Amino acid sequence: MLDSISKHIAYKTILGIAVCIGIFSIISASVIYLSYKNKLFDDYYQEVQRILQIIEGSYAIHIWNIQPESIRSLNETVLSAGQYMAITIFDKGPEGSFIINASTQKKDDHDQIIFTHTDEPIIIENGYVNVSSGYIYYHDQVIGKYELYHTDEHIYEHLNSIVYTFFMFFITLTLGITIILSVLLNIFVIQKIYSLVNFAKDIAGGGRYNQRISLYGNDEFSVLARSINDMLEQIEFKDREKDEAGRKLSQSESYLKSIFDASPDAILILEAKKGIIIDVNKSAFSIFHSDRDELVGKDLRLISSDEPRYDAMEAYAWLGKARVEGPQRFEWLSKKADGTVFWTEIHARYAQIRGKDCFIVLARDITERKQIEKDLVHAKEQAEAANRAKSQFLANMSHEIRTPINGIMGMMQLLQTTRLDNEQEHYVDLTLTSADRLTNLLSDILDLSRVEAGKMLIREENFSIMELKDSVADLFKVTAEQKGLALQLTMDPGLPEMVSGDPIRVRQVLFNLVGNAIKYTDQGRVSMDITPLTPKKGHDLRILFTISDTGTGIPEDMQEYLFQPFVQADGSNTRNYQGAGLGLAIVRRLVELMRGHIAIESEEGHGTNVFLVLPFKLTEKTADTKNEQAAKGHDIPKLKILLAEDDFTSLLATQKLLERKGHTVTLAQDGQQVLDLLREKNFDCILMDVQMPVMDGVEATKIIRSSNDFGSKKDTPIIALTAHAMDGDREKFLAKGMNDYISKPVRMEDLEKTLSRITE
């Protein structure tokens, strides 16, 4: 086919050249013919004009002299030119014109010319005659007239000869040029076209793009050949790239197929429009207990349960979300081929695969995990129930232990108000000390339990660093003196007077650390230095508390265990110092809760240094120490107190202690009696136990605060005097309408401070 096309191109090209040359030749011949014809006619008419001028000038004298022979001679001279056929000379006399002479070149029977002024015919060769006439003057006087008959036939005869000559010439020229151009075209064009065509035929037939065409030169075909070679080189390069890409694609598809089938999760490809499964991996067979033919081409109803929340329509709704909102993850009740329902975790993603809108769905069997979660939830509920039971048990134990301790300490404090000899005073002091130790141990156990349960709360309030230091000095001054130790407490004057933090927990930490230092020091000194540090990011102030002693020190191998519960430096049965080993464990946890740091530096036999860094916030001086001062330096007014307590020992001890201070005490053993007595009498304050029979203290407080039966008595100050000492109990009772809170066992000085605060 390519050969046929190339031949047609060659034939058409040669024919086109011939036609073009022929048209050019015809146009050129026509132009030459017309130019030559015009020149011949111009020469012809110029010659006629010359003859006419001769006639007008030469005939005048002969006509004037009436010389017919001379005129005839002149006529013959004029007619000697081939194109002049006849001439007539007229004389213009008084009577009109008459012929002087009429001459013809030739007469013939079948061709004639009728002269204008005579009936005598003049025979000529043909009827194509031009007549030129004019007047003859002599001295500006018309003396005659002439008529000259002439023809241009000889011009046409000459032109016909020229046309024939031109025709033959241009035919020959056209054929010659066509042949020459055809040869040249064949050499320089057709052969190259054949080469290009044959090369294209080879490329098209074999697809071997590594071939190259060999055409050299600077002509268009050579440029085209080089362009074709460049194109083939690019095609070959693209083919290599395509082959490489195809190979990599094949490897990638094989790799992805391996991953697709090796995935432990079921993978389903769904067509988005119809919602049918178009492909699955091998894991889907085992998860849904179906083979490929049972899954491919089916919709989600095949593998969805009939539960309303987990049916196929709900599954399509999730897939719609995946298309609009992005990948979705949800848990689903799926169905196996035998109808068994099981839990699956579904990951759905919208994607275009081979030009189709699809959903990629990953399904993982999580039935075992759901059962584990269910077991964990049950275990969590059991643990929470156990924790609540433990907390309730600890609260009850705390309440039940604190109540008799309160009775013991109350009686011992009451004994201190009586006349005792030195030995009796010593016994009472020892009993109070033991009660304090038991109370502290109970508090430590409860604190450790709260910390480990994550229920220890750190509060923020404004307090004075100076008062914190003084409280430590007041607590340990007597103990240090009894052991013959120097207690040195110093404070950097650059510290602010007021800071914001949790003074109760800071005091608890310092009491533990200073108390330990005094306990484990038999001679020498115990000191506490308070200095400011550069603030850390996010905090206004950091304070360093350095507690140093000259005691026994701590062995190096025991230092890393000191902050663990129930650990002591001396764990032998012959240890010199008592304690449960909870103090430092609680200290460590409290310091961490306050976002502080603690470190110990100790050498056995040479004492110990404890470094405590705590962050605080700066605050304005707003703390009011008036009540504390009043408690220390001023007498409390005599009050009418309503004491509600159901434990007889605590009731008796507290009553007697208050009466020894000059207060008037009225007793109630349950909340209902409190209400009845308050309706009858006026009281300055109520000391309210929380846990009582008939009506508890919280319910009684609620009725007092909300009932209109009590009038102004409903604002009577109420102090919770209770063995409920768990974290949060204070806030809970204050929220119920009580004004203050004291936990059992109660020290008389703490009770006096509280009474002083609420009666100001």
Side-chain angles (χ1 to χ4, degrees), residues 388-411 413-414 435 438-439 442 446 639-659 663-707 709-710 713-748 750-751 754-755 758:
R388 287 192 298 269
K390 183 189 76 171
S391 299
Q392 186 64 39
F393 172 76
L394 289 174
N396 291 335
M397 289 299 298
S398 173
H399 184 276
E400 296 304 320
I401 293 173
R402 285 175 183 274
T403 298
I405 293 176
N406 186 62
I408 295 171
M409 293 186 68
M411 287 301 178
Q413 291 178 86
L414 186 59
L438 182 59
T439 302
L442 180 62
L446 293 178
L639 304 174
K640 290 185 291 184
I641 300 172
L642 176 57
L643 174 62
E645 173 65 68
D646 66 323
D647 181 74
F648 177 76
T649 304
S650 296
L651 179 68
L652 178 60
T654 306
Q655 176 192 7
K656 295 302 182 181
L657 287 171
L658 289 172
E659 289 177 346
H663 303 298
T664 302
V665 181
T666 302
L667 303 178
Q669 292 186 338
D670 59 61
Q672 185 61 53
Q673 291 183 13
V674 171
L675 299 180
D676 295 339
L677 290 170
L678 187 60
R679 287 189 181 95
E680 297 173 1
K681 300 178 181 180
N682 293 324
F683 297 99
D684 294 319
C685 74
I686 301 172
L687 297 178
M688 183 80 76
D689 189 15
V690 171
Q691 188 169 317
M692 294 183 294
V694 182
M695 181 184 292
D696 62 43
V698 174
E699 183 64 23
T701 301
K702 182 179 179 181
I703 294 174
I704 292 171
R705 298 304 189 210
S706 61
S707 176
D709 296 341
F710 297 100
K713 295 179 182 180
K714 68 179 183 180
D715 296 325
T716 302
I718 301 175
I719 300 173
L721 193 66
T722 177
H724 289 281
M726 299 295 287
D727 198 35
D729 284 343
R730 174 186 176 86
E731 288 74 18
K732 179 174 65 177
F733 297 141
L734 295 181
K736 296 297 183 180
M738 297 181 179
N739 298 88
D740 214 328
Y741 164 91
I742 300 177
S743 64
K744 296 177 182 179
V746 179
R747 287 184 171 274
M748 194 60 200
D750 295 333
L751 181 56
T754 304
L755 290 172
I758 66 170

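Only heavy atoms go into these numbers, but all of them, side chains included; no hydrogens, no water, no symmetry mates. Because the structure is a prediction, the values reported are computed rather than measured.
In this structure the side chain of Val698 reaches within 4.5 angstrom of the side chain of Phe733, judged on heavy atoms. Here the side chains of Asp689 and Asp696 are not in contact, with every heavy-atom distance at 4.5 Å or above. Annotation: side chain of Val746 is not in contact with side chain of Thr654 (no heavy-atom distance under 4.5 Å). In this structure, Leu652 and Met411 have side chains that are in contact, with non-hydrogen atoms separated by less than 4.5 Å. The shortest side-chain heavy-atom distance between Asp670 and Asp646 does not fall under the 4.5 Å cut-off. Annotation: side chain of Met688 is in contact with side chain of Met738 (closest heavy-atom distance under 4.5 Å). Residues Phe710 and Ile703 meet the side-chain proximity criterion, which asks for heavy atoms closer than 4.5 Å. Residues Ile704 and Asp715 have side chains not in contact (no heavy-atom distance under 4.5 Å, counting atoms from C-beta outward).
Distance CG/Leu751 to CG/Leu657: 8.5 Å, rounded to 0.5 Å. Annotation: the span from Leu667 atom CG to Leu643 atom CG amounts to 5.5 Å, rounded to 0.5 Å. To the nearest 0.5 Å, atom CZ of residue Arg730 and atom OG of residue Ser743 are 9.5 Å apart. In this structure, OG1 in Thr666 is found 6.5 Å from CG in Leu642, a value given to the nearest 0.5 Å. The CE atom of Met409 sits 11.5 Å away from atom OG of Ser650, with the distance rounded to the nearest 0.5 Å. Of the inter-residue distances, the one linking Leu658 atom CG with Leu687 atom CG reads 6.0 Å to the nearest 0.5 angstrom.
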_Could you go through Asp709 and Lys714, starting from their C-alpha distance and side-chain angles, then the distance that decides it, and tell me whether this counts as salt bridge (Lys or Arg N to Asp or Glu O under 4.0 Å)?_
CA-CA 8 Å; Asp709 296 341; Lys714 68 179 183 180; over 6 Å; no

*Stepwise, does the side chain to side chain contact (heavy atoms under 4.5 Å, CB included) test hold for Phe683 with Thr664?*
CA-CA 9 Å; Phe683 297 99; Thr664 302; over 6 Å; no

*Kindly determine whether Gln669 and Val694 satisfy side chain to side chain contact (heavy atoms under 4.5 Å, CB included), including the steps that lead there.*
CA-CA 9 Å; Gln669 292 186 338; Val694 182; over 6 Å; no

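The side chain to side chain contact (heavy atoms under 4.5 Å, CB included) check on Glu659 picks up Gln655, Lys656, Val665, with sequence neighbours excluded.
Between Asp684 and Leu639, the shortest heavy-atom distance links the atoms OD2-CA, 3.3 Å. Of all heavy-atom pairs spanning Thr701 and Gly737, the tightest one is CG2-C, 3.9 Å. Nearest heavy atom pair, residue Arg679 against residue Lys713, reads O-NZ, 3.2 Å. Here the closest heavy-atom approach between residue Arg705 and residue Thr716 is recorded as NH1-O, 2.9 Å. Between Leu721 and Lys744, the shortest heavy-atom contact is O-CE, 3.5 Å. When every heavy atom of Val674 is checked against every heavy atom of Ala644, the shortest pair comes out as CG2-CB, 3.5 Å.
With salt bridges taken as basic N to acidic carboxylate O contacts below 4.0 Å, none links Glu699 and Lys736.
The side chain to side chain contact (heavy atoms under 4.5 Å, CB included) with Ile686 is formed by just one residue from the set Leu677, Ile718, Ile641; it is Ile718.
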